[in-house]
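Below, read A as the first sequence line, B as the second, and so on, with proteins coming before strands; counting in each chain starts at 1. Below, all heavy atoms of this structure are taken into account, side chains as well, without hydrogens, waters or symmetry copies.
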Number of protein chains: 2
Amino acid sequence: MPTDANPRPTIYDVAQRAGVSKSLVSLVLRGSDHVSPARREAVEAAIEELGYRPSRAAAALASQRTRTVGVLIDDFHNPWFVELLAGLRSVLDPARYTASVADLQLEAATGSNPVEGFLAQHVDALVVAAEPAPGTLDGVDVPMVVAGMRELGLPDDGADVVAGDDELGARLATKHLLGLGHRRIGHLTGRSGPGAHRRRGYEAAMRDAGLEPAVTGEAGGTSEADGYAAACALLDARPETTAIVAGNDVMAVGALAALRERGLAAPADVSVVGHDDSPLAAYRFLGLTSVDGHSREVGAAAARALLARLDHPDAPPHRELLEPSLVVRHSTGPVRDASR
Amino acid sequence: MPTDANPRPTIYDVAQRAGVSKSLVSLVLRGSDHVSPARREAVEAAIEELGYRPSRAAAALASQRTRTVGVLIDDFHNPWFVELLAGLRSVLDPARYTASVADLQLEAATGSNPVEGFLAQHVDALVVAAEPAPGTLDGVDVPMVVAGMRELGLPDDGADVVAGDDELGARLATKHLLGLGHRRIGHLTGRSGPGAHRRRGYEAAMRDAGLEPAVTGEAGGTSEADGYAAACALLDARPETTAIVAGNDVMAVGALAALRERGLAAPADVSVVGHDDSPLAAYRFLGLTSVDGHSREVGAAAARALLARLDHPDAPPHRELLEPSLVVRHSTGPVRDASR
DNA sequence: GGTGCGATTTGGAGCGCTCCAAAGAAGCGT
DNA sequence: ACGCTTCTTTGGAGCGCTCCAAATCGCACC
């Protein structure tokens, strides 16, 4: 039981109590293996007894490393990033690294520059999982891995990249529908990182089947409202559509609304596939068939890549694409009436 | 244009370039108003030219304050907390404070103790928006405000509290249904911070109307699955139910599934009200009438309370309950057939 | 018993900033 | 012009830790 209220114990207090030098305590703290078991135990006991907590600030100042990695995500409202973060932390934590997260949407709202913030924080590395304003990443000289996106806008330096194979994912989704007998399959897209790849995967699968792709939503975003709008456009332009591949789950939910408005039901009249396999997709009331991009695994792999980069600053760039899988629920089914 | 590649400039470099002492630079950095405009400008110019970035670590070490506040939330998957955080930051940012967020769910998964983490980080204050494991908050001696919950489990020390008035919210929801002519109104609850208050509000409103409350889900959680289960229990026990007040939005979505399974529709057969007004509620396909607890405002108010506490450490405890409002969408409507 | 060598342990010199006491400048009244 | 007050500005002494070179220890070997 530490006697509280006195100034917070320092490394010196621990050293004194353990009967060793402050340097030895520092060694123990940093997990050096050049410390005799006896001393180590003594130090650990002293730490425990004193309730000692190392000062990160002092350690950072002295070592010029913060053991913090900046993580740039797009929006905490999007569960995809929450999962990515969970994966990231699952490997960063054991490696004694702390994640400092910035949410682009939030950051934009408060008018601050997230990358600037990371730099001010002197992060040791960066995980870029969302595209920041052009130019923001320019002067950055810390190791950087791109996660969940296949590339950054401009700086095509050989940064490490770990992402889900969105193209394959969309292909999977489209093939699933083709397998159910659908031929009139439309795609709802939107401007956004993964958007282009997903769309491309859909188009490729359609062409492979000798069908002509039908894409709407190119001009819009990727929200529920955008999905609704794109679905309306699609259904109005091609009422014969029997299946829809949406750019993501919320767009798929938007599509559901467009269908209902037109007296159509999923999957009876039109099948709908989402993308991301968010919690949303799993709700019974929706039961969306969705492409699982394994964002948690992407996060974990990105963190591993980062750690590797930190160890070998000039290893060749690492590129890794994880294979997505399709989670079939009940928003998709066989074509009922191919003639509609 | 800074000449890069040389070691990161320090306060001394800035001082030299501006022709002043390092102390003056420090004053400018900290926004002192005892600096002549001329010098201030000179310093600012030098900072700009050198691309100088203050070292937080050094500042923290020297000042013994990190200007960081720890924020404890339950789960980033829950948009309620995301909004709370946005509100928090909207006030903390301008005050030059940084938020360090820990997600209880995530923290539990990685086996780390979030509060311990904050302490190791030497945060200046804590915002507690979720209930941590019992005992975790015991030794904490930094200022603390409870946000979004009306009280903590054990330590009923006079901590500052800012929360939404959940009881009033549930009352609002119930009254809305009563106003639509409903009499057979059930409530879906669950163990959780706000759960008890919401339930109490519902019960009070029912009793005020001379009706008997019907609550299910006491034993469960507050997820979509729990909502589904509670709704099933309710509908099976009282098939005559014409309206449901759910503990939160995802539970409401669970209820929707239970209704559909029984061939009932909302609002035609049964009206459903959610709580939290999450993005989910606004999706066209769901269009949930929901109680908006204004979590963003709660966050902002909590941050203001925190700042005030930091300024006046021994002011009397501050308690603030924000008034919720009801957002009416299309999951609620007048009773169709009161006899069903 | 002395020597040598690797394994441990230690003192010292900062890391970049804050904050205090004290010095310097400037303005004022007489 | 002088003494005094008020406003600015400055040097110095740390904050708690890391890391390096050097000291010490232990012990095998001759």
query: Hey, does A:Val140 have a side-chain heavy atom less than 4.5 Å from the side chain of A:Leu126?
result: yes
- prompt: Is it true that a side-chain atom of B:Asp13 and a backbone atom of B:Thr10 form a donor plus acceptor pair closer than 3.5 Å?
  reply: yes
- request: For residues 71-80 of chain A, pull every pair meeting salt bridge (charged side-chain N to carboxylate O under 4.0 Å, His left out), keeping only residues two or more places apart or in separate chains.
  value: none
query: Where each residue is assigned the nucleotide of DNA chain D containing its nearest heavy atom, which of B:Asp33 and A:Thr10 is assigned the position nearer the 5′ end?
result: B:Asp33
query: Is atom CD of A:Gln16 surrounded by more than 12 heavy atoms (other residues, nucleotides or ligands) closer than 6.0 Å?
result: no
message: I need the full list of side chain to side chain donor-acceptor pair (under 3.5 Å) pairs touching residues 111-121 of chain B, with sequence neighbours left out, sorted by first then second residue.
response: A:Arg53-B:Glu116, B:Ser100-B:Gln121, B:Glu107-B:Ser112, B:Thr110-B:Ser112
query: Is there a donor in the side chain of A:Arg56 and an acceptor in the side chain of A:Thr98, or the other way round, less than 3.5 Å apart?
result: yes
- request: Tell me, please, which residues at least two apart from A:Phe76 pass ring pair (Phe, Tyr, Trp, His ring centres under 6.0 Å).
  value: B:Phe76
- request: If a pair satisfies side chain to side chain donor-acceptor pair (under 3.5 Å) and one of its residues is in residues 297-312 of chain B, list it, with sequence neighbours excluded.
  value: B:Asp160-B:Arg309
task: Let me know which of A:Val69, A:Leu306, A:Leu72, A:Leu137 forms a side chain to side chain contact (heavy atoms under 4.5 Å, CB included) with A:Met144.
output: A:Leu137
- request: Kindly check if the number of other-residue, nucleotide or ligand heavy atoms within 6.0 Å of CD (B:Gln105) is above 12?
  value: yes
query: Tell me, do B:Glu49 and B:Arg17 make a side-chain contact under 4.5 Å, heavy atoms counted?
result: yes
Write down the protein N/O and nucleotide N/O pairs, taken from nucleotides 22-25 of chain D, whose separation is under 3.5 Å; answer none if there are no such pairs.
none

query: Which angle, to the nearest 10 degrees, lies between the helix axes at the two ends of the helix from C:dG1-D:dC30 to C:dT30-D:dA1, each defined by five pairs?
result: 40°
Contact residues, residues 21-31 of chain A to DNA chain C [heavy atom, < 4.0 Å]: A:Ser21, A:Lys22, A:Ser23, A:Leu24, A:Leu27
query: With sequence neighbours left out, which residue pairs that include part of residues 29-41 of chain B fulfil the side chain to side chain donor-acceptor pair (under 3.5 Å) condition?
result: B:Ser26-B:Arg30
query: Of all of residues 54-64 of chain B, which get a heavy atom below 4.0 angstrom from DNA chain D, listed by number?
result: B:Leu61, B:Ala62, B:Gln64
message: Under 4.0 Å from a heavy atom of chain A: give me the 5'-most and 3'-most nucleotides of DNA chain C that qualify.
response: C:dT8 to C:dG16
query: Any donor-acceptor pair under 3.5 Å linking the side chain of B:Arg67 with the backbone of B:Arg96?
result: yes
query: Heavy atom of residues 35-45 of chain B under 4.0 Å from DNA chain D: which residues?
result: B:Val35, B:Ser36, B:Arg39
task: Search all heavy atoms of A:Pro54 against all heavy atoms of B:His122 and return the closest pair with its distance.
output: O-NE2, 3.5 Å
- prompt: Pairs in or reaching into residues 77-87 of chain B: which pass salt bridge (charged side-chain N to carboxylate O under 4.0 Å, His left out), with residues at least two apart or in two chains?
  reply: B:Glu83-B:Arg296
task: Could you give me the CA-CA distance, side-chain angles and deciding distance for B:Arg150 and B:Asp165, then say whether salt bridge (Lys or Arg N to Asp or Glu O under 4.0 Å) is met?
output: CA-CA 8 Å; B:Arg150 242 145 110 170; B:Asp165 191 338; 3.4 Å; yes
- request: Keeping the roles fixed (side chain from A:Ser21, backbone from A:Leu24), state whether a donor-acceptor pair exists under 3.5 Å.
  value: yes
